[in-house]
Amino acid sequence: MLNHYNKTIALAASLLLLFSCNSSRVPAYKDASLPSETRARDLVGRMTLEEKLGQLLCPLGWPMYEKVSDTEVTISDAYRTFIQEQHGGMLWATFRADPWTRKTLETGLNPQLSAQAYNALQHYAIDSTRLGIPIILAEEAPHGHMAIGTTVFPTSIGLAATWDTALVEKVGAVIGSELTAQGGTIGYGPVIDLSREPRWSRVEETYGEDMFLTSEMASAMVRGTSGKGVISTLKHFVAYGIPEGGHNGSPSHIGPRDLEENVLPTFKAAIDNGALSVMTSYNTIDGVPTTCNPDLLTGVLRDRWHFRGFVVSDLESIDGIYGSHHVASSKQEAGEMALKAGVDVDLGANCFSLLKESVESGRVSMKTVDQAVMRVLLRKFEAGLFDNPYLPEGSAADVRSEANLEVAAKAARESATLLKNNGVLPLKEGARIALIGPNADNMYNQLGDYTAPQDPAHVITMREGLEAAGARVTYVKGCAIRDTRTSQISQAVAATRQADVIVAVVGGSSARDFRTKYIDTGAAVVDETSVSDMEAGEGFDRSTLDLLGLQLPLLKALKATGKPLVVVYIEGRPLNKNWAANNADALLTLWYPGGEGGKALADVLLGRYNPAGRLAVSVPRSVGQLPVYYNRKVPFSHDYVEESANPLYPFGYGLSYTTFEYSDLQASAEKVTVKVTNTGERDGDEVVQVYIRDLVASTARPRKQLCAFSRVHVKAGETVTVEMPLARSAFELVNPAMERVVEPGAFEIQVGASSEDIRLSETLSL
């Protein structure tokens, strides 16, 4: 009996010693030498249910700090509550500033204070919690980090107009470096919805109407941002850019084959290039909200594509399963549906925070929760947040550097798209310019939606760009974008009397104001209190594409003077250009060109830069034509009684100050080679475009489909050989059995300067 007692004591002592030794060791999740997955699994095993759910919440970030002074920022009580009571692990848009957040140049944070705020938030998350799990910040970054003092690039529809993937990758690298310098790890963007509905308010955020161009642009942007350590969040999954009636968030009517052939490939391409986050969309497809669609979020993303990143809801889109779509009886049930479908993070944090009882009652399994938590924690470990969680002093010193601004200026120049020119451009040296129009000297009208407040010194308007270039300018606003209560049309006409040429800068605006109301998701409410010029940007859907306010009367009055008229559109969607196409001497669009837009316009008008932008979206003649995207399936459209079925300006279209000829086309299943000769007197860029047409197939095919392109610089009088690879996917289709295959047969390879300007063609048999 005594011997047994002694053995028991010895065993207890051994166990105590073993426990003591193990407890003194660093937990596996804190061991930087171990693989990230091992560390994440160890951490998940140590977490309570409440701590796990906290990692899946992502509330609004801007209430989480308090600006004490121009040199000091600290955490807020709201943040303390989020960390201590909700065990939070992620914040969204902490440094966002705009009328919705009520963060201004005075109340918001500059880059240096943002870095300081990040360190304060991180210290509290790590030092004041049981497990010391770092916070991860998600920031808006569609065309620049949406924070005060950063570089503002052209919006995506303008970036797509460059047809320059190398440049877009550089833009991504700048955005990524500026975001991480302030503590951001996740960047919301790029938006890769196809824009087949120009009435929709968010065309400006997209890369246009084509799957291949969007895939190439998105992939380039993701390579650029991820190269700087940013997790790119692809928006919006899926088919969000073709809403019924053009209404943001309305149902999207699309068949499974169209989804497979045109919509899903853009996401697959970006994921293959490094994107590690996908955001759901507000819409439904065939009656099922995408935010709770397991066939998409699990079947496509996880099972087919083996996506290893995480899925985040769009802001309060889980709430919408209950409140908008009415397919759940409560927010709790909506959260259950979204989590089980494959959503990992609740942006807005209103539904996943209710899931404790759902797990305890068995309606949601702990395995499902653990899978989502693992996906989030893996990103934190791989981003180095557990091992190097803090920013060094001076990390934000290079935000908005001269080098970054030059990338923005290059992007603005390359996006400039010349649509008509009877020889008036470039302007003669010393020409006296009457600069007229609501977008000629309005910095916010050229920046687009998702833009922070700007120091006026940081934005070059059209007027400032021309004046800085030494142009002789007389400026009159003429009218507003929307407001008809005041007019300066007579003053504008008077200003043309001593001018040699009129430059009228018209179009639209996504500039938000402080009197517009916003719903919880940040979309604007359009009512009589919305007094800004805003006619585009999230929530501002249109029933027409016409110029608003007094802009057309202004243009007509200017035309009546008899002076040469150059019309410039600054816009977020392809607005009606019929009058300008028929009456202006020159017509161009810069979309929303960003902070360096005025410099770009001056360079183009004065001939210092030869424009080569190409349309990433067709310009309709009227809304009655819609949809009017170039790669609609056969049969070919016939004309309407009133007008042509063709767009005013087709996809891929754009002019130059020089001319190009194509010759010696050689096409194979692997590549296309063609010679391009600059037959004019100016050096310039040409965008060589390759389209394919499947002549006979088992399903109706597009009349043509972009499959390759290259923007090349050709000096006057010289010839270059352009070689463009063709991927196997260029010849693929989804057959009647829903299999992706290449069917034997004949394919026509078309090469030209736009989707309708085909110069050479050759037929291949596969």
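Only this structure's heavy atoms are used, side chains among them; waters, hydrogens and symmetry mates stay out. The shown structure was predicted, so the numbers you read here are calculated from the model rather than taken from an experiment.
Side-chain atoms of Thr461 do not come within 3.5 Å of backbone N or O of Asp441 as any donor-acceptor pair. Remark: the backbone N or O of His458 is paired with a side-chain donor or acceptor of Arg400 at under 3.5 angstrom. Proximity of a side-chain donor or acceptor of Gln689 to a complementary backbone N or O of Ala753 within less than 3.5 Å is detected. Distance alone, capped at 3.5 Å, places no donor-acceptor pair between the Gln551 side chain and the Gly508 backbone. Remark: the backbone N or O of Leu419 is paired with a side-chain donor or acceptor of Tyr653 at under 3.5 angstrom. In this structure, Arg711 contributes its side chain and Glu414 its backbone to a donor-acceptor pair below 3.5 Å. At least one donor-acceptor pair under 3.5 Å links the side chain of Asp585 to the backbone N or O of Leu565. Panel note: side chain Asp757, backbone Gly752; no donor-acceptor pair is recorded below 3.5 Å. Arg608 places a side-chain N or O within donor-acceptor distance of the main-chain N or O of Ala469, the cut-off being under 3.5 Å. Proximity of a side-chain donor or acceptor of Gln488 to a complementary backbone N or O of Cys479 within less than 3.5 Å is not detected.
Between Ile436 and Ile502 there is a side-chain heavy-atom pair separated by less than 4.5 Å. Put simply, the side chain of Trp591 reaches to within 4.5 Å of the side chain of Val617, judged on heavy atoms. Counting heavy atoms from C-beta outward, Phe709 and Arg614 have side chains that stay 4.5 Å or more apart. By the 4.5 Å heavy-atom criterion applied to side chains, Val171 and His143 are not counted as neighbours. The closest side-chain heavy-atom distance from Tyr592 to Asp449 is not below 4.5 Å. Looking at heavy atoms from C-beta onward, Thr544 lies out of side-chain contact with Asn576 at the 4.5 angstrom threshold. Contact of the Ile481 side chain with the Asn439 side chain is registered, since non-hydrogen atoms from C-beta on lie closer than 4.5 Å. Under the 4.5 Å side-chain criterion, counting only non-hydrogen atoms from C-beta, Val566 is in contact with Val501.
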Please walk me through it: do Thr104 and Glu106 pass side chain to side chain donor-acceptor pair (under 3.5 Å)? CA-CA 5 Å; Thr104 65; Glu106 292 74 29; 3.1 Å; yes
Walk me through it: do Leu109 and Trp62 pass the test side chain to side chain contact (heavy atoms under 4.5 Å, CB included)? CA-CA 10 Å; Leu109 305 180; Trp62 58 88; over 6 Å; no
- Hey, mind stepping through Thr206 and Ser156 against side chain to side chain contact (heavy atoms under 4.5 Å, CB included) and telling me if it holds? CA-CA 5 Å; Thr206 76; Ser156 292; 5.7 Å; no
task = Run the numbers on Thr107 and Arg102 for side chain to side chain contact (heavy atoms under 4.5 Å, CB included), then give the verdict.
result = CA-CA 8 Å; Thr107 62; Arg102 296 291 171 178; over 6 Å; no
Item to complete: List the steps and the verdict of side chain to side chain donor-acceptor pair (under 3.5 Å) for Thr589 and Thr417.
Response: CA-CA 5 Å; Thr589 177; Thr417 306; over 6 Å; no
- Task: Take Gln498 and Thr474 through the test side chain to side chain donor-acceptor pair (under 3.5 Å) and record every step on the way to the result.
- Result: CA-CA 9 Å; Gln498 303 302 318; Thr474 300; over 6 Å; no
- Task: Please test Ser656 against Asn610 for side chain to side chain donor-acceptor pair (under 3.5 Å), starting from the C-alpha separation and ending with a verdict.
- Result: CA-CA 6 Å; Ser656 170; Asn610 191 348; 3.0 Å; yes
Q.
One pair to check against salt bridge (Lys or Arg N to Asp or Glu O under 4.0 Å): Asp500 and Arg432. What are the steps and the verdict?
A. CA-CA 5 Å; Asp500 300 309; Arg432 295 170 298 177; 3.1 Å; yes
Exercise. Using the side chain to side chain contact (heavy atoms under 4.5 Å, CB included) rule, take Val505 and Ile570 through it: C-alpha gap first, then chi angles, then the decisive distance, then the call.
Key: CA-CA 7 Å; Val505 189; Ile570 305 298; 3.6 Å; yes
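The environment of Glu661 atom CD is sparse: at most 12 non-hydrogen atoms of other residues, nucleotides or ligands sit within 6.0 angstrom. By the neighbour-count criterion of 12 heavy atoms within 6.0 Å, atom NZ of Lys170 is sparsely surrounded, having that number or fewer from other residues, nucleotides or ligands. More than 12 heavy atoms of other residues, nucleotides or ligands lie within 6.0 Å of CD in Glu643, so this atom counts as buried by the packing criterion. For NE2 of His247, the number of neighbouring non-hydrogen atoms (other residues, nucleotides, ligands) closer than 6.0 Å is 12 at most.
The aromatic rings of Phe651 and Tyr630 sit parallel to each other, their planes meeting at less than 30°, with 60° as the upper class boundary.
Screening Asp533, Asn445, Asn442 for a side-chain hydrogen bond (donor to acceptor under 3.5 Å, both in side chains) with Ser509, the sole residue that qualifies is Asn445. For the side-chain contact (heavy atoms from CB on, under 4.5 Å) with Arg482, the qualifying choice from Leu547, Leu550, Leu548 is Leu548, the only one to do so.
Separating the CG atom in Leu179 from the NE2 atom in His145 is a distance of 4.5 Å, to the nearest 0.5 Å. With rounding to the nearest 0.5 angstrom, the CD atom of Glu216 is 6.5 Å from the OG1 atom of Thr165.
Lys715 and Asp683 are not joined by a salt bridge, as no carboxylate oxygen comes within less than 4.0 angstrom of a charged side-chain nitrogen. Arg202 has a carboxylate O that lies under 4.0 Å from a charged side-chain N of Glu538, or vice versa, which qualifies the two as a salt bridge. The pair Arg413-Glu406 meets the salt-bridge criterion, since a charged nitrogen lies less than 4.0 angstrom from a carboxylate oxygen.
Shown here are the side chain to side chain donor-acceptor pair (under 3.5 Å) partners of Glu467, two or more places apart in sequence or in another chain: Arg463. Under the ring-ring contact (aromatic ring centres under 6.0 Å, His included) criterion, Tyr569 pairs with no residue at all, not counting sequence neighbours.
Closest heavy-atom contact between Met462 and Pro593: CE-CG, 3.8 Å.
Cation-pi contact between Lys235 and Tyr450: present, with separation from the ring centre below 6.0 Å and deviation from the ring axis of at most 45°.
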